[in-house]
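Step one of this worksheet: look at the structure below.
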Amino acid sequence: MKDTSNRRLNPRTKAVHAGTRRSQYGEVSEAMFLTQGFVYDTAEAAEARFLESTREEFIYARYGNPTVAMFEDRIATLEGTEDAFACASGMAAVNGALISMLKAGDHVVAARALFGSCLYILDEVLPRYGVEVTLVDGRDLGAWRAAIRPDTKAVFFESLSNPTLEVIDIRGVCDLAHAVGATVIVDNVFATPTYSRALELGVDVIVYSTTKHIDGQGRCLGGVICGTTDFVRKVAEPYLKHTGGSMSPFNAWVMLKGLETLDLRVRAQAETCERLARELEGHPKLARVIHPHLASHPQQALARAQMDKGGTVLSLDLAGGKVAAFRFLNALEIVVISNNLGDAKSIATHPATTTHQRLPDGQKATLGLTPGLVRLSVGLEDPDDLIADVLAALDHA
Ligand SMILES: *Cc1c(COP(=O)(O)O)cnc(C)c1O
């Protein structure tokens with residue numbers, strides 16, 4: 001396949017072919033260009049390339065690399081954005097997207113329910129450099145309206161929050177932000193590229209931790225910033241390439257191959273996730289089962305309007321608190337205790353004592369992060385085996 005970027009192909013075709021660059025050998029599988037540098041034919045050619053280089057001319061892997069470029073073009077084509085910049089981790093991408101566009105005196109509005117490291121950037125790093133940050137209840141459009149001001153530069157949220165799976169009215173928030181000319185940046189991990197409609201709903205910059213579903217087998221760290229060519233190449237890239245946040249060619253190769261199977265994996269995982277949520281709802285040991293597409297989710301209608309499926313993660317609130325949660329975790333035989341998500345292996349996490357341990361108790365309570373809460377990232381195992389494993393472990397809780 002030649003150039004897929006301008007053709008109306010369906011996502012699964014793009015995920016397999018988009019961005020491919022072949023060497024003179026015509027390899028079928030994408031080559032891994034494990035090189036930090038590139039040779040110039042002459043001194044004049046080196047000078048010319050440093051002056052100006054095209055997307056097919058490389059200088060140094062921190063600036064760009066053919067394998068990384070293939071990954072960037074493939075994910076941008078899939079997400080529907082003009083361009084993408086691949087980063088060393090999801091956090092390099094979140095940090096890069098925000099810091100590269102902000103300066104002292106700017107104002108940012110963000111949802112309060114955030115991944116711990118995202119909260120650290122918004123709550124501790126940005127204020128230290130004179131950026132004012134207002135945190136709001138992301139579910140409340142009125143709170144966004146009240147917080148967004150004429151001088152607001154950026155708006156940041158997770159499309160589905162971790163681990164309580166709160167849903168943000170993406171179009172509503174984008175309209176409010178755009179009315180004052182603010183840039184909307186979304187951390188889209190929980191939506192995944194498969195169920196993402198971020199661009200269509202008005203988001204300007206879409207960020208992924210590719211460590212999650214895009215790798216999908218828990219091997220490498222990575223992140224990516226998707227947006228307009230202007231934002232990606234003129235705002236994000238200069239900051240990231242000079243501060244060391246670029247993705248390694250090896251990781252880009254893993255992510256590139258991960259994209260080929262992403263859709264199949266995510267759909268199977270989301271299917272099992274919803275089935276598991278339905279089987280578990282009403283279980284006597286559970287105070288709550290949180291899944292965006294269950295009728296019991298307070299924002300089910302919005303979640304259904306924004307995503308074809310509820311994602312690959314559900315949360316369980318054990319009625320017996322921390323003691324019951326730990327007994328449940330320790331009794332699981334197939335599901336492993338860890339903190340990644342989007343992996344082929346199902347993973348259980350106790351956020352209050354691990355990923356969100358640092359948060360003060362008051363803040364945990366505000367976010368609904370109860371001592372009995374367990375996050376389950378649903379993998380690719382047989383659904384019947386998974387359901388049996390979770391039910392047996394609940395017996396021990
Ligand atoms: C994991 C995660 C990140 C951070 O990604 P890394 O690749 O671990 O740096 C950011 N946001 C969300 C929602 C995540 O789940």
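When a ligand or atom number is given, it counts from 1 through the structure's own listing order. These numbers were taken from a predicted model, which means no experiment stands behind them. All values below come from the heavy atoms of this structure, side chains included, with hydrogens, waters and symmetry mates left out.
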*Check whether any N or O atom of Gly90, backbone or side chain, sits under 3.5 Å from an N or O atom of ligand 1, and answer yes or no.*
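So ligand 1 has an N or O lying under 3.5 Å from an N or O of Gly90.
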
*Asn162 N/O under 3.5 Å from ligand 1 N/O*: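 No, there is no polar N/O contact under 3.5 Å.
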
*Which class fits the ring pair His293 and His291: parallel under 30°, tilted 30 to 60°, perpendicular over 60°?*
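The arrangement is perpendicular - the two ring planes meet at more than 60°.
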
Which ligand 1 atoms are under 4.0 Å away from a heavy-atom of [X]?
X	answer
Ser89	7 (O), 9 (O)
Gly222	7 (O)
Thr211	6 (P), 7 (O)

_Going by the closest heavy atom to atom 4 (C) of ligand 1, which one wins out of Phe190, Tyr208, Phe115?_
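It is Phe115 that holds the nearest heavy atom.
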
*Nearest-option assignment for atom 15 (O) of ligand 1, heavy atoms, candidates Met91, His213, Glu158, Lys212*: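 When every heavy atom of Met91, His213, Glu158, Lys212 is considered, Lys212 comes closest to atom 15 (O) of ligand 1.
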
*asked:* Measuring only between side-chain heavy atoms, which start at C-beta, is Ile170 closer than 4.5 Å to Ser159?
replied: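 Ile170 vs Ser159: side chains touch.
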
Do [X] and [Y] meet the criterion of a side-chain donor-acceptor pair at a distance under 3.5 Å?
X	Y	result
Arg265	Thr261	yes
Lys309	Thr194	no
Thr354	Asn339	no
His396	Asn330	no

*What is the nearest protein non-hydrogen atom to atom 5 (O) of ligand 1, stated with its residue, atom name and distance?*
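The closest heavy atom on the protein side is Ser209 OG, 3.0 Å.
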
_Distance from atom 12 (C) of ligand 1 to nearest protein heavy atom, with residue and atom_ =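 Going by distance alone, atom 12 (C) of ligand 1 is nearest to Asp187 OD2, 3.4 Å.
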
*Which heavy atom of Ile225 sits nearest a heavy atom of Ala236, and at what distance?*
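Scanning both residues, the minimum pair turns out to be CD1-CB, 4.1 Å.
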
